[in-house]
Amino acid sequence: VNNNGTAPATIHPAVVATPFSVASPSLPATVPAGDSIQLVVRYSPTGAGIFSDDLRLPFASGSCRDTLRVRLAARAIEPELAPLPVVDFGALTGCQNQRDTVVMLHNRSDIAITLTRLYSSSSEYQVSPSSAAIPANDSLAVTVSYRPNSSGTHSGTIEVEYQPCDKSSGLQLRGTKQGITVAIAD
C-alpha cells in the first residue's frame, strides 16, 4: 500500500471473508507520507472450491476517509482417486495357483497425482507398479495378482498412498484356493 499523499495514512483492520486473511502486518498501521507498507494476504481453504471476495482496507489520511478494494480470487483443488472397487478373484481350483487382473485407478481431479506407494497388506496378493503418476483426469492400469500360499479363503488390501496432500485409499481383495483331495480305494 503506497501513500502518495502529503500526510500520514492510517490503514485500519482489513475486512475480508475466509478463506482469505491479512497475515501481516498487524493493523492498524500508519504509513508515512511518501512511504509504503506491504500486506501479506493468506489463503487457507479448508476444502476444494472457487473462492473470491473483496479485500477492503479502510484508511484515513488527514480529513480523507475511504476504503481501498482489492479483488481476491483463488481455486483450491483436492486430488481425488475414484472410489476403488472390491476385487474378487473367485476360486482357484485344481492345479491353478495364480490369477491376475487389471484394476484401473482413475484420477478425477484437475491436477496430476503421484502414487508414492502401492503395496499389499497380505503375502497372497502383489501389485505392480509400486509407484507411478496419473495425469489430471486420466487413468492408470494396475496389475493385481493373487498367488495364495495355502488352501482357504484369503482377503487383503492394496494400499494406495498418493500426493499431493498425503492421501491414501484402499482396494479390498478376496480369493479362495481350493485344495486337491485324492482318495485311494481300499
Side-chain angles (χ1 to χ4, degrees), residues 14-25 38-57 69-93 96-178:
V15 178
V16 68
T18 56
F20 303 104
S21 63
V22 174
S24 67
Q38 181 176 0
L39 293 176
V40 175
V41 177
R42 178 173 290 132
Y43 171 60
S44 300
T46 58
I50 297 173
F51 303 91
S52 62
D53 193 25
D54 285 336
L55 170 66
R56 294 173 301 283
L57 292 167
R69 287 177 170 36
V70 178
R71 186 72 180 158
L72 303 175
R75 179 178 179 203
I77 301 171
E78 288 193 31
E80 178 185 7
L81 279 178
L84 300 175
V86 172
V87 176
D88 189 341
F89 285 90
L92 298 180
T93 58
Q96 291 179 308
N97 60 6
Q98 74 179 52
R99 185 168 291 151
D100 297 339
T101 192
V102 172
V103 175
M104 298 302 292
L105 299 182
H106 302 281
N107 176 359
R108 298 194 312 188
S109 59
D110 292 334
I111 57 174
I113 290 177
T114 300
L115 305 176
T116 55
R117 191 168 171 222
L118 282 84
Y119 63 96
S120 173
S121 66
S122 169
S123 64
E124 281 82 14
Y125 300 97
Q126 291 82 43
V127 62
S128 178
S130 59
S131 62
I134 307 176
N137 298 302
D138 205 350
S139 300
L140 173 72
V142 173
T143 302
V144 180
S145 301
Y146 174 45
R147 292 185 169 80
N149 300 320
S150 61
S151 295
T153 299
H154 307 99
S155 60
T157 305
I158 297 296
E159 298 294 332
V160 181
E161 297 175 359
Y162 59 98
Q163 295 290 341
C165 302
D166 291 320
K167 295 210 169 223
S168 64
S169 188
L171 170 67
Q172 298 297 311
L173 308 168
R174 63 177 166 246
T176 302
K177 171 62 175 155
Q178 296 175 348

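The structure presented is a predicted model; accordingly, all values stated were derived computationally and were not measured. Quick note: numbers below take in every heavy atom, side chains included, and nothing from hydrogens, waters or symmetry partners.
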Discussion item. Can you tell me which residue among L57, L55, V41 is in a side chain to side chain contact (heavy atoms under 4.5 Å, CB included) with V16?
Written reply: L55
Practice prompt. Name all residues meeting the salt bridge (Lys or Arg N to Asp or Glu O under 4.0 Å) criterion together with R147; count only those two or more places apart in sequence or in a different chain, and write none if there are none.
Written response: D100
Worksheet item: Who passes side-chain hydrogen bond (donor to acceptor under 3.5 Å, both in side chains) against Y162, sequence neighbours left out?
Response: none
Worksheet entry | By side chain to side chain contact (heavy atoms under 4.5 Å, CB included) - contacts of N137 (at least two apart) | D110
Worksheet item: Excluding sequence neighbours, so at least two apart, what forms ring pair (Phe, Tyr, Trp, His ring centres under 6.0 Å) with Y43?
Response: F20
Worksheet, complete the sentence: For A141, the side chain to side chain contact (heavy atoms under 4.5 Å, CB included) test, sequence neighbours excluded, returns V102, M104
Worksheet item: Taking atom OG of S130 and atom CZ of R117, what is their separation to the nearest 0.5 Å?
Response: 10.0 Å
Worksheet item: In terms of heavy-atom contacts, does CZ of R42 have more than 12 from other residues, nucleotides or ligands at under 6.0 Å?
Response: no
Worksheet item: Which residues pass the side-chain hydrogen bond (donor to acceptor under 3.5 Å, both in side chains) test with S109, sequence neighbours left out?
Response: N107
Worksheet item: Would you say K177's side chain and Q96's backbone share a donor-acceptor pair under 3.5 angstrom?
Response: yes
Worksheet entry | Expected output: side-chain S120 to main-chain S122 donor-acceptor under 3.5 Å | yes
Item to complete: Output the distance between atom CD1 (I158) and atom OG (S169), rounded to the nearest 0.5 Å.
Response: 12.0 Å
Practice prompt. Would you give the length of the straight line joining atom CG of L84 to atom CG of L173, rounded to the nearest 0.5 angstrom?
Written response: 10.0 Å
Worksheet item: Got a second to check how far I113's CD1 is from L105's CG, nearest 0.5 Å?
Response: 9.5 Å
Discussion item. Let me confirm one number: the OG-CG distance from S168 to L115, rounded to the nearest 0.5 Å.
Written reply: 12.0 Å
Worksheet item: For residues 97-119, which residue pairs qualify under ring pair (Phe, Tyr, Trp, His ring centres under 6.0 Å), counting only residues two or more places apart or in two chains?
Response: none
Item to complete: Measure from the side-chain N and O atoms of T114 to the backbone N and O of Q163, and report whether any donor-acceptor pair falls under 3.5 Å.
Response: no
Discussion item. To check you understand the geometry: which heavy-atom pair defines the closest contact between G47 and A76, and what is its length?
Written reply: O-CB, 3.5 Å
Fill in: Listed partners of N149 passing side chain to side chain contact (heavy atoms under 4.5 Å, CB included), at least two apart
S123, E124
Practice prompt. Please name all residues satisfying side chain to side chain contact (heavy atoms under 4.5 Å, CB included) with S128, sequence neighbours left out, ordered by chain then number.
Written response: none
Worksheet entry | Audit row: R99, T101, side chain to side chain contact (heavy atoms under 4.5 Å, CB included) steps and yes/no | CA-CA 7 Å; R99 185 168 291 151; T101 192; over 6 Å; no
Discussion item. Could you tell me if T153 and R174 have a donor-acceptor pair between their side chains, going purely by distance under 3.5 Å?
Written reply: no
Item to complete: Please lay out, stage by stage, how L171 and V103 fare under the test side chain to side chain contact (heavy atoms under 4.5 Å, CB included).
Response: CA-CA 9 Å; L171 170 67; V103 175; 4.1 Å; yes
Discussion item. For L92 and N97: C-alpha separation, side-chain torsions, deciding distance, then whether side chain to side chain contact (heavy atoms under 4.5 Å, CB included) applies.
Written reply: CA-CA 7 Å; L92 298 180; N97 60 6; 5.7 Å; no
Worksheet entry | Sequence-distant partners of E159, salt bridge (Lys or Arg N to Asp or Glu O under 4.0 Å), two or more places apart | none
Discussion item. Keeping T157 on the side-chain end and S121 on the backbone end, is there a donor-acceptor pair under 3.5 Å?
Written reply: no
Worksheet item: Listed by chain and number, what are the salt bridge (Lys or Arg N to Asp or Glu O under 4.0 Å) partners of R108, not counting sequence neighbours?
Response: E80
Worksheet entry | ring pair (Phe, Tyr, Trp, His ring centres under 6.0 Å): pairs with one or both residues in residues 121-152, sequence neighbours excluded | F89-Y125, F89-Y146, Y125-Y146, Y146-H154
Response to the item:
To the nearest 0.5 Å, atom CG of D53 lies from atom OG1 of T18 at 9.0 Å
